[in-house]
Peer 1: 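Here's a structure for you.
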Amino acid sequence: MVEFEKFTPPEDGVRIVVKRTGLDIPDNPVIPFIEGDGIGPDIMRAARRVLDAAVEKTFGGARRLCWYEIFAGEKAQKKFGEWIPKDTFEAIRYFSVALKGPLTTPVGGGFRSLNVTLRQVLDLYACVRPVRYFEGVPAPVKEPQKMDMVIFRENTEDVYAGIEWAMDSEGARKVIGFLNTELGCSISADSGIGIKPMSETGSKRLIRKAIRYAITRNRKSVTMVHKGNIMKYTEGAFRDWGYEVAAQEFRKQAITEKDLHGGELPPGRILINDRIADAMFQQILTRTDEYSVLATPNLNGDYLSDACAAQVGGLGLAPGANFGDTMAVFEATHGTAPKYAGQDKVNPGSLILSGVMMLEHLGWDEAGEMIVSAMEETIRRKKVTYDLERLMEGATRLSTSQFADAVIANMKPL
Ligand code: NAP
């Protein structure tokens with residue numbers, strides 16, 4: 001057991017152990033959680049109640065989540081004088097999962113963002129965003145129910161590496177000088193410069209995770225979305241490395257579109273293909289149900305996740321998680337919405353569904369399915385929070401806690 005300096009784990013819970021063969025999940029795993037800033041406390045309270053109720057109803061007391069509060073953001077700053085105490089990183093490393101509310105980006109705190117810091121320090125390299133439709137939610141397309149995609153976005157490289165220099169800075173002058181004189185480029189002197197690194201290791205581990213997910217979750221395909229026709233040695237290489245992973249590590253379970261020659265997908269195999277990013281933005285609208293799992297570099301994934309979420313009615317119900325090799329942090333995809341803080345008003349759906357992803361990660365799928373069905377039922381009955389109520393005719397407006405109550409009341413054994 002590691003020693004924590006500032007906050008102590010619950011004594012009645014057991015640690016999830018990561019083994020070479022997978023996770024060893026006790027019946028009472030310790031689940032660290034970061035409440036989050038702004039609306040964080042409201043939605044975390046609601047989400048934990050819903051998750052606890054589903055686990056209780058599914059397993060009849062034989063299993064339960066042992067919550068362990070860890071701190072980041074404004075609450076950590078107030079309590080400990082730090083935005084993210086060392087214990088928080090240690091707790092996530094040691095217990096290997098966490099549920100997280102949204103965090104304010106401190107102004108002048110020496111951080112680009114607390115979220116980015118958590119992902120970088122813990123090397124949570126895959127941002128995973130499932131996007132699906134909930135019946136009754138107003139959506140801008142005719143057949144939103146055709147959307148059922150899971151986006152695996154690389155989280156650490158690409159233009160997000162944060163390597164850039166302002167126009168006229170010493171760095172920009174040096175880089176431009178080097179490129180123009182040593183490598184025959186002709187970059188205008190009044191340019192800002194940004195670097196787009198994409199590595200074989202970084203790309204392969206992301207695509208490998210997406211393929212493994214597709215196999216274990218019975219998904220039909222993994223599509224690599226890139227702009228390799230223009231950026232050959234970054235995005236084009238991402239695609240090539242992806243095909244290498246498929247050929248070398250998943251020969252028995254996967255088949256490429258090229259090898260299929262337009263034929264039927266053999267049973268038990270998943271299809272590996274690729275699409276150029278601009279075409280893909282059309283395809284998510286025009287051939288939505290032909291796609292299942294997407295694997296993307298960082299920037300494409302950023303755009304695509306929000307575009308897909310918008311297609312089914314917005315970000316309010318979109319869950320997310322950040323995975324490393326041994327750790328996973330499940331989090332709401334929206335921010336802290338400070339103007340609604342403490343009002344028991346906002347939609348806890350995104351965090352609840354992130355919790356469902358966490359239950360699936362634990363292999364407690366039945367409890368996750370119970371929550372999803374109950375949420376479907378609640379929304380179908382038009383019992384929703386203000387954000388959806390203002391868009392749905394004849395809907396009843398519920399508070400955050402009332403929405404959690406309604407979901408719990410609608411939970412039925414599967
Ligand atoms: P935001 O907090 O997501 O809020 C923007 C608007 O989205 C809200 O005013 C509200 O719209 C709607 N909204 C967000 N969450 C909602 C919910 N659960 N239910 C219903 N409506 C919801 O974005 P922001 O105002 O740009 O960012 C505020 C802070 O959050 C910033 O400090 C930012 O850095 C941080 N942030 C954190 C994360 C994270 O921790 N992962 C992510 C994004 C932003 P209406 O006003 O129309 O009702």
Side-chain angles (χ1 to χ4, degrees), residues 33-48 50 70-77 83-84 88 92 98-122 124 126-129 134 137-138 151 153 155 160 298 301-303 305-306 309-310 312-323 328-355 357-358 375 378-379 383-392 395 397-404 406-407:
F33 72 97
I34 297 169
E35 191 176 58
D37 299 323
I39 56 172
D42 282 347
I43 59 173
M44 184 59 80
R45 210 176 298 119
R48 283 174 51 200
V50 169
I70 60 174
F71 299 85
E74 286 164 357
K75 197 166 177 183
Q77 178 62 25
W83 289 102
I84 312 185
T88 294
I92 299 173
L99 186 66
K100 176 188 153 299
L103 295 173
T104 310
T105 300
V107 179
F111 293 96
R112 204 144 58 102
S113 125
L114 299 179
N115 298 303
V116 173
T117 305
L118 270 171
R119 285 170 210 158
Q120 284 177 343
V121 171
L122 299 173
L124 302 171
C127 173
V128 180
R129 297 263 295 264
F134 280 86
V137 174
I151 300 157
R153 164 188 171 195
N155 229 354
Y160 284 73
N298 209 335
D302 191 5
Y303 297 155
S305 332
D306 280 17
V312 292
L315 288 171
L317 290 168
N322 293 292
F323 288 90
V329 175
F330 300 85
E331 63 175 354
T333 48
H334 54 74
T336 59
K339 66 181 176 186
Y340 297 127
Q343 293 181 23
D344 192 25
K345 173 170 177 148
V346 296
N347 189 344
S350 172
L351 190 61
I352 292 174
L353 292 172
S354 304
M357 292 176 75
M358 185 180 82
M375 259 180 82
T378 310
I379 295 170
K383 300 270 171 66
V384 288
T385 44
Y386 85 95
D387 51 316
L388 294 179
E389 185 263 348
R390 67 188 172 187
L391 302 172
M392 289 161 79
R397 178 185 290 210
L398 302 184
S399 65
T400 311
S401 51
Q402 286 169 335
F403 182 77
V407 172

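Both counts, for ligands and for their atoms, begin at 1 and track the order of listing.
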Peer 1: Give a yes or no answer on whether the side chain of Thr336 reaches the backbone of Thr104 with a donor-acceptor pair at less than 3.5 Å.
Peer 2: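 Absent.
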Peer 1: Considering all protein heavy atoms, does one lie under 4.0 Å from atom 28 (C) of ligand 1?
Peer 2: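 Given the 4.0 Å cut-off, atom 28 (C) of ligand 1 counts as touching protein heavy atoms.
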Peer 1: Pick out which of Ile39, Thr333, Val50, Leu99 makes a side chain to side chain contact (heavy atoms under 4.5 Å, CB included) with Leu351.
Peer 2: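 Answer after filtering Ile39, Thr333, Val50, Leu99: Leu99.
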Peer 1: I'd like to check which ligand 1 atoms, numbered from 1 as shown, lie under 4.0 Å from a non-hydrogen atom of Thr104.
Peer 2: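 Reading through ligand 1 atom by atom, the close ones are 32 (O).
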Peer 1: Between Val384 and Phe134, is the side-chain contact (heavy atoms from CB on, under 4.5 Å) condition met? List the steps.
Peer 2: CA-CA 12 Å; Val384 288; Phe134 280 86; over 6 Å; no
Peer 1: Determine if the distance from atom 1 (P) of ligand 1 to the closest protein heavy atom is below 4.0 Å.
Peer 2: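 Given the 4.0 Å cut-off, atom 1 (P) of ligand 1 counts as touching protein heavy atoms.
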Peer 1: Any non-hydrogen protein atom below 4.0 Å of atom 13 (N) of ligand 1?
Peer 2: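 No, there is none.
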Peer 1: May I ask you to identify the nearest protein heavy atom to atom 9 (O) of ligand 1, giving residue, atom name and distance to one decimal place in Å?
Peer 2: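 I find the closest protein heavy atom is Lys339 CE, 3.5 Å.
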Peer 1: Can you confirm whether something in the protein, heavy atoms only, sits under 4.0 Å from atom 5 (C) of ligand 1?
Peer 2: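 No, because not a single protein heavy atom sits under 4.0 Å from atom 5 (C) of ligand 1.
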Peer 1: Name the one of Gln402, Lys383, Glu389 that satisfies side chain to side chain contact (heavy atoms under 4.5 Å, CB included) with Arg397?
Peer 2: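 Answer to the side chain to side chain contact (heavy atoms under 4.5 Å, CB included) test with Arg397 among Gln402, Lys383, Glu389: Glu389.
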Peer 1: What's the verdict on salt bridge (Lys or Arg N to Asp or Glu O under 4.0 Å) for Asp302 and Arg153, showing C-alpha distance, side-chain angles and the deciding distance?
Peer 2: CA-CA 7 Å; Asp302 191 5; Arg153 164 188 171 195; 3.7 Å; yes
Peer 1: Is Arg390 touching ligand 1 with its side chain, its backbone, both, or neither, if touching means heavy atoms under 4.0 Å apart?
Peer 2: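 Near ligand 1, Arg390 shows its side chain, while the N, CA, C and O stay back.
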Peer 1: Can you check atom 19 (N) of ligand 1: any protein non-hydrogen atom closer than 4.0 Å?
Peer 2: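 Answer yes: something from the protein, a heavy atom, is under 4.0 Å.
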Peer 1: Test your reading of the model: is there a side-chain donor-acceptor pair from Ser113 to the backbone of Asn115, 3.5 Å cut-off?
Peer 2: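 Side chain of Ser113 to backbone of Asn115, a donor-acceptor pair under 3.5 Å: yes, one is there.
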Peer 1: Answer yes or no for Lys100: is there a heavy-atom contact with ligand 1 below 4.0 Å?
Peer 2: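 Yes, Lys100 has heavy atoms under 4.0 Å from ligand 1.
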Peer 1: Using atom types as modelled, flag every donor-acceptor pair under 3.5 Å from a side chain in residues 313-323 to any protein atom, sequence neighbours excluded.
Peer 2:
{"residue": "Asn322", "atom": "OD1", "partner": "Asn155", "partner atom": "ND2", "Å": "2.7"}
{"residue": "Asn322", "atom": "ND2", "partner": "Glu331", "partner atom": "OE2", "Å": "2.8"}

Peer 1: Mind checking whether Tyr386 has an N or O less than 3.5 Å away from an N or O of ligand 1?
Peer 2: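 It does: an N or O of Tyr386 is found under 3.5 Å from an N or O of ligand 1.
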Peer 1: What do you reckon, does Leu103 put a non-hydrogen atom under 4.0 Å from ligand 1?
Peer 2: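 A heavy atom of Leu103 does come that close to ligand 1.
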Peer 1: Can you confirm, on distance only, whether ligand 1 has an N/O atom lying under 3.5 Å from any N/O atom belonging to Pro338?
Peer 2: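 N/O-N/O distance below 3.5 Å does not exist for this pair.
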Peer 1: Tell me the contacting part of Asn115 for ligand 1: side chain, backbone, both, or neither, using a 4.0 Å heavy-atom threshold, strictly below.
Peer 2: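 Side chain only; the backbone of Asn115 stays clear of ligand 1.
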Peer 1: Within a distance under 4.0 Å of any heavy atom of Asp387, pick out the atoms of ligand 1 and give their elements.
Peer 2: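 Result: 20 (C).
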Peer 1: Under the ring-ring contact (aromatic ring centres under 6.0 Å, His included) rule, collect the residues that match up with Tyr340, sequence neighbours excluded.
Peer 2: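 Once residues adjacent in sequence are excluded, the partners of Tyr340 under the ring-ring contact (aromatic ring centres under 6.0 Å, His included) criterion are Tyr386.
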Peer 1: Over all heavy atoms of both residues, which pair between Gly73 and Asp37 is shortest? Give the atoms and the distance, please.
Peer 2: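 Reported closest heavy-atom pair: CA-OD2, 3.7 Å.
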Peer 1: Could you tell me the residue and atom name of the protein heavy atom closest to atom 43 (C) of ligand 1, and the distance to it rounded to 0.1 Å?
Peer 2: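 For this ligand atom, the closest protein heavy atom is Gly335 CA, 3.5 Å.
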Peer 1: As an exercise, state the distance from OG of Ser350 to CD1 of Ile43, rounded to the nearest 0.5 Å.
Peer 2: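 Answer rounded to 0.5 Å: 7.0 Å.
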Peer 1: With a 3.5 Å cut-off and no angle check, do the side chains of Asp344 and Ser401 form a donor-acceptor pair?
Peer 2: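 There is such a pair between these side chains.
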Peer 1: side-chain contact (heavy atoms from CB on, under 4.5 Å), that's the test. Do Leu391 and Val137 meet it? Break it down for me.
Peer 2: CA-CA 8 Å; Leu391 302 172; Val137 174; over 6 Å; no
Peer 1: Is atom 41 (N) of ligand 1 in close reach of the protein, with a heavy atom under 4.0 Å away?
Peer 2: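 Protein heavy atom within 4.0 Å of atom 41 (N) of ligand 1: present.
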Peer 1: Only heavy atoms count here, so choose which of Ile34, Thr336, Thr105, Val346 is nearest to atom 34 (O) of ligand 1.
Peer 2: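 Selected option, by shortest heavy-atom distance: Thr105.
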Peer 1: What do you reckon, does Ala337 have a nitrogen or oxygen under 3.5 Å from a nitrogen or oxygen of ligand 1?
Peer 2: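 Yes.
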Peer 1: Does ligand 1 have a heavy atom under 4.0 Å from the side chain of Asn347, from its backbone, from both, or from neither?
Peer 2: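 Within the 4.0 Å criterion, Asn347 contacts ligand 1 through backbone and side-chain atoms alike.
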